[in-house]
Q: 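The following block contains the structure, expressed as structure tokens.
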Amino acid sequence: MEIIFAEYSGFCFGVKRAVEMVRSLIREGKKPIFILGNLIHNPTVVEELQKAGVQKISSLDEAENGWLVIRSHGATKETYEKACSRGLTIVDTTCPNVKYAQNIAKQLSEEKFRVMIVGDRGHAEVEGILSYTNGNGAIIQNVEESKSLLEKLSRETKIAVLCQTTIQIEKLNGIVGYLIGKFRQVNVYNTICDVSTNRQASTLKLAREVDLMLVVGGFESANTTRLAEISSGVEVETHHIESSEQINPEWFNKNMKIGLSAGASTPIELMEEVRNQLNNWLLAGKIRLPPE
Ligand code: SF4
């Protein structure tokens, strides 16, 4: 059995930076520390921070006079305003790539563009970017869903397009192609993060070379889920797992090439645990021979 890691895997610099910022707050003894939701979509890291006293909240009404961590996905403008009014000190871990998209959204809306954000409605990053358009923006998940909104706009409307940092370029291309056919001016800003592009490309390359893929990362992580979709798309058996405890010896045989990939919110140690588990099963004779 051969186990191969995707060339680009594990924590991206934005997530690493966010986790480090929170760990250093803990080291400095700051209390209480609040986070709206989970810092990253990774249960192992979330548990570690919660054990160290970081409090997960679902609404700012639950927090007062402490430190509020803004996640690497960023947050809405209103979240910052409300946090200040509740006496919270903001620790802003918004990834610089997401900040860039927020700043462009603000600038373009001030220049009277209608700002279209290609991405998933309800995703914290996308809703955060939208809040900077001051009512001049909209989220486009797909052309079909947005047709009625776009039909109402005149051909002369100045359109600007941004996107969620983790979407696939093909999705952006498809929507931009439609908009160019409809409006005279379409300014496109490719705000896809290189980290996502690299991880997607290296997962795709590996999935084409192996017999089975394991994609490690939180089930709630949009970028990990996309990696699993990309891998399944080339029709290789793919399992999206959160930890080594979720793999099953019956999935494997001794002659298989196994590919391991992980989302941007997955520490490399989790991939190593999966590899160790597979090696332990091999040594213990728990992995079968290939079928005749
Ligand atoms: S995936 Fe890219 S945009 Fe998202 S946190 Fe990581 S570096 Fe930042």
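When a ligand or atom number is given, it counts from 1 through the structure's own listing order. Worth knowing before you read on, the calculation uses all heavy atoms, side chains too, and leaves out hydrogens, waters and symmetry mates.
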Q: With sequence neighbours excluded, what pairs up with Lys182 under the side chain to side chain contact (heavy atoms under 4.5 Å, CB included) test?
A: Leu150, Glu151, Tyr178

Q: Does a side-chain N-to-carboxylate-O contact under 4.0 Å join Lys158 and Glu111?
A: no

Q: Could I get the full list of side chain to side chain contact (heavy atoms under 4.5 Å, CB included) partners for Lys106, not counting sequence neighbours?
A: Glu110, Tyr132

Q: Any ion pair linking Lys82 and Glu78 (charged N to carboxylate O, less than 4.0 Å)?
A: no

Q: Below 2.8 Å of atom 2 (Fe) of ligand 1, tally up the protein N/O/S atoms for me.
A: 1

Q: Salt-bridged, Glu48 to Lys51, with N to O below 4.0 Å?
A: no

Q: Who are the salt bridge (Lys or Arg N to Asp or Glu O under 4.0 Å) partners of Lys152, not counting sequence neighbours?
A: none

